[in-house]
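For reference, the structure discussed in these notes is given below.
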Protein chains: 2
Amino acid sequence: MVKLRDIAEETGYSISTVSKALSGKGRMSEETRNTILSVAKQLGYTPDFYAKSMASKTKILVIGLIVPDITNPFFAYLTRGVERACGESCLLVLMDSFRSLHREEQLIRTARFYGVNGVIVGNSRVNDELINEISKYVPVVIFDKECKCENVVSIVMDNYYGAYLATKHLVENGCKNIVHFGGTQELYVSIQRAHGYETAVKESGLESHIARIGYTFDDGYKAAKKLLSVGKTFDGAFCMNDLVALGVMKAIKEEGLKVPEDVAVVGFDDDKQLCEVTVPSLSSVRQPVEMMGETAGKAIIELINGHSNAKKIIFSPSLIVRDSSLRGG
Amino acid sequence: MVKLRDIAEETGYSISTVSKALSGKGRMSEETRNTILSVAKQLGYTPDFYAKSMASKTKILVIGLIVPDITNPFFAYLTRGVERACGESCLLVLMDSFRSLHREEQLIRTARFYGVNGVIVGNSRVNDELINEISKYVPVVIFDKECKCENVVSIVMDNYYGAYLATKHLVENGCKNIVHFGGTQELYVSIQRAHGYETAVKESGLESHIARIGYTFDDGYKAAKKLLSVGKTFDGAFCMNDLVALGVMKAIKEEGLKVPEDVAVVGFDDDKQLCEVTVPSLSSVRQPVEMMGETAGKAIIELINGHSNAKKIIFSPSLIVRDSSLRGG
DNA sequence: AGGCATTTTAGAATGGTTTCTAACAATATT
DNA sequence: AATATTGTTAGAAACCATTCTAAAATGCCT
């Protein structure tokens with residue numbers, strides 16, 4: 001490994017002069033600088049990152065981002081948002097827990113030993129104590145979870161409002177019998193979305209019908225199939241997420257009904273790849289995921305730099321209307 | 001920031017003793033160790049990663065992964081594969097170029113200044129000179145591109161074979177008139193796939209018809225629509241990727257034809273989210289993306305450690321048959 | 001008690017850079 | 001010609017942990 005001293009010996013200048021020539025900070029004769037630069041290039045000098053970080057007061061920020069599954073579009077967009085906030089000024093270390101809670105906890109626990117200056121946790125399953133524990137050492141930004149510790153910023157989405165929006169939209173499009181294909185009750189977001197749905201339905205004088213199912217294409221397909229096979233018809237479906245919605249749509253088509261004419265369908269998450277590509281295209285509630293990621297990035301940088309105040313940042317979703325819920329007239 | 005000296009002053013022991021107590025390496029009385037450990041905990045000591053890395057000879061490996069767009073499932077799976085290879089032994093720094101060639105070049109150029117020990121480039125657009133240049137300083141693994149430099153490992157997919165497989169499959173399912181909805185000619189993979197298609201078609205005594213379009217849902221939709229509107233019918237479609245295939249399928253349906261009865265369709269990439277969720281589900285050529293990522297990770301680690309021989313690693317695709325290409329009898 | 005072996009602790013060098021201060025040389029001012 | 005001014009370069013301290021070597025302290029033996 002070529003170091004400053006090697007260049008100093010080769011050129012005959014001192015180490016400090018070489019350092020300044022390469023960093024371009026101090027002033028010196030053009031000749032000296034050019035000599036040093038060319039020798040440095042010739043020798044293939046690469047600065048030692050660790051030595052550099054240690055010597056300079058402004059160490060490069062390293063941000064750890066822990067996600068349960070980078071192949072899930074939600075987390076991919078989140079990551080991209082964080083990347084955007086990082087820009088040139090900090091390094092993003094990605095840690096994927098492969099959906100293993102154990103590995104996730106391990107990552108959180110060990111992140112700080114890897115020189116990470118702050119941690120963004122893109123998931124809400126880890127328990128509060130762990131967050132409490134590590135936030136003593138390293139600032140933390142966490143999603144969809146409220147945390148009262150110092151040094152922790154929560155970023156949450158208003159799931160209640162998103163569900164409310166979607167359901168109201170179905171009502172406005174003439175639906176009288178709206179079913180909510182929802183998630184299991186353990187997950188906080190499921191509860192919130194179901195709650196938003198219920199509020200909207202009751203407000204409109206309609207009856208609420210919640211099918212607690214799950215989060216996959218198959219879950220949606222089977223649940224809708226079951227309902228339709230026992231003659232339980234409906235003319236609107238508000239679904240937990242886009243995959244469930246697509247499953248429901250498949251079942252509807254198989255029963256000879258049409259979307260949106262017979263049943264209007266709305267999903268959640270607005271996975272563009274998915275929503276814009278199906279026939280008919282799928283209406284969905286959009287979370288500003290990338291923006292949330294960017295906000296998380298900015299928040300952690302502020303926390304690290306010691307001047308942050310926000311403890312909780314709430315984002316509002318918006319409804320993206322496509323063909324699956326639009327009936328003319 | 002609490003450092004070893006603070007603990008040394010607090011306990012009255014020397015810095016070296018404190019260091020050894022915390023690392024658990026040298027031998028010392030239980031009492032001393034316990035005292036030091038408890039004071040360290042009380043003070044909230046966190047070792048300085050940079051100082052640690054510099055002092056100890058075994059610096060932690062840092063691998064840079066440059067992708068053009070993490071929200072693209074291909075790169076998300078690639079990333080996951082690399083993560084898997086990293087395990088506990090190295091840190092993965094993710095760099096997203098946001099599809100900007102300029103930014104990508106910049107990232108490649110500056111990666112080594114961030115203390116990255118090796119770089120994986122998940123994209124083939126950058127020019128050879130740049131790769132050449134940086135491979136002088138840092139080992140490189142690159143995808144879908146052959147590079148003759150020392151210090152560079154290429155990982156390539158046999159696109160020719162994938163296209164051949166898909167086309168043969170269509171022939172076996174009774175297609176007599178197969179169109180290839182392909183990509184532009186600048187991209188190496190497009191050329192390869194078109195080539196594989198042509199070989200299979202000619203081998204089967206059929207005529208070749210290549211539509212050079214692009215890579216999006218819309219591209220596929222418009223191209224198929226155009227063909228069908230001028231009465232150019234076909235009974236098989238091998239598409240550049242899954243999105244194009246879905247666009248083609250939409251056009252076919254709109255013209256009152258059925259998939260797969262009237263036209264059998266095969267895509268490329270096997271984006272599971274997409275393929276399994278459409279009606280009918282889409283047959284597609286699968287690239288072992290995650291495996292390729294894992295291989296890339298292992299290769300870069302070997303390169304960094306100085307014992308690598310492989311210069312080019314070739315992966316074979318496989319065909320995943322679903323409903324869109326299966327006709328009974 | 002003196003000498004030896006063994007355990008425990010301290011001191012100093014090391015890693016590669018940055019940055020402050022001081023020294024030096026060259027030019028300009030009086 | 002002596003001093004002031006400016007521009008260049010060298011030297012040394014600092015960053016913080018590791019690790020090697022040497023010294024001090026302890027215990028044991030004769």
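Lettering of chains follows the sequences in order, A, B, ..., and the numbering in each one begins at 1. If you're wondering where the values come from, they're calculated on a predicted model, not measured in any experiment.
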In whole angstroms, how far is the P atom of dT17(C) from the CG atom of Asp48(B)? 17 Å
If the condition is side chain to side chain donor-acceptor pair (under 3.5 Å), which residues does Asp269(B) pass it with, not counting sequence neighbours? Gln287(B)
Pairing residues for Asp128(B) by the salt bridge (Lys or Arg N to Asp or Glu O under 4.0 Å) criterion, not counting sequence neighbours: Lys145(B)
Please list, chain by chain and in numerical order, all residues satisfying side chain to side chain donor-acceptor pair (under 3.5 Å) with Glu105(A), sequence neighbours excluded. none
Ser14(B): partners by side chain to side chain donor-acceptor pair (under 3.5 Å), with sequence neighbours left out: Ser16(B), Thr17(B)
Tell me, which pairs form a salt bridge (Lys or Arg N to Asp or Glu O under 4.0 Å) where one or both residues lie in residues 29-41 of chain B, sequence neighbours left out? none
Phosphate oxygens OP1/OP2 of dC16(D): is one of them under 4.0 Å from a side-chain N or O of Tyr45(B)? no
Compare side-chain N and O positions of Tyr50(A) against OP1 and OP2 of dT14(C) and report whether any pair is under 4.0 Å apart. no
Partners of Lys272(B) by side-chain contact (heavy atoms from CB on, under 4.5 Å), sequence neighbours excluded? Asp270(B), Glu276(B), Arg286(B), Arg322(B)
With sequence neighbours excluded, what pairs up with Arg103(A) under the salt bridge (Lys or Arg N to Asp or Glu O under 4.0 Å) test? Glu83(B), Glu88(B)
Protein-nucleic acid N or O pairs under 3.5 Å, nucleotides 22-27 of chain D:
none

For Leu22(A) and dG16(C), what is the distance between atoms CG and P respectively, to the nearest whole Å? 15 Å
Its contact letters, B for base, S for sugar-phosphate only and - for none at protein heavy atoms under 4.0 Å, make nucleotides 4-10 of chain C read ----SBB
May I ask you to verify if any side-chain N or O of Ser19(A) is less than 4.0 angstrom from the OP1 or OP2 atom of dT18(C)? yes
N or O in side chain of Lys3(B) less than 4.0 angstrom from dC16(D) OP1/OP2: yes
Nearest to the side chain of Met54(A) - dC16(D), dA17(D), dT18(C)? dC16(D)
Treating Asp69(A) as the side-chain partner and Arg99(A) as the backbone partner, does any N or O pair qualify as donor plus acceptor under 3.5 Å? no
Over how many whole Å does the gap from Glu31(A) atom CD to dA26(C) atom P extend? 13 Å
Protein-nucleotide distance (Arg5(A), atom CZ; dA10(D), atom C1'), rounded to Å: 16 Å
Is the side chain of Asn159(B) donor-acceptor paired with the backbone N or O of Val189(B) at a distance under 3.5 Å, no angle test? no
Students should find that the end-to-end axis angle of the helix from dA1(C)-dT30(D) to dT30(C)-dA1(D), with five pairs defining each axis and rounding to 10 degrees, is 70°
Please report, rounded to the nearest Å, how far the P atom of dT18(C) is from the NZ atom of Lys52(A). 6 Å
Taken to the nearest whole Å, CD/Glu9(B) to P/dC16(D) is 13 Å
Test side chain to side chain donor-acceptor pair (under 3.5 Å) applied to Lys312(B) - qualifying residues, sequence neighbours left out: Glu146(B)
Please list all pairs passing the salt bridge (Lys or Arg N to Asp or Glu O under 4.0 Å) test where one or both residues lie in residues 287-300 of chain A, with sequence neighbours left out. Arg80(A)-Glu290(A), Arg84(A)-Glu290(A), Glu294(A)-Lys298(A)
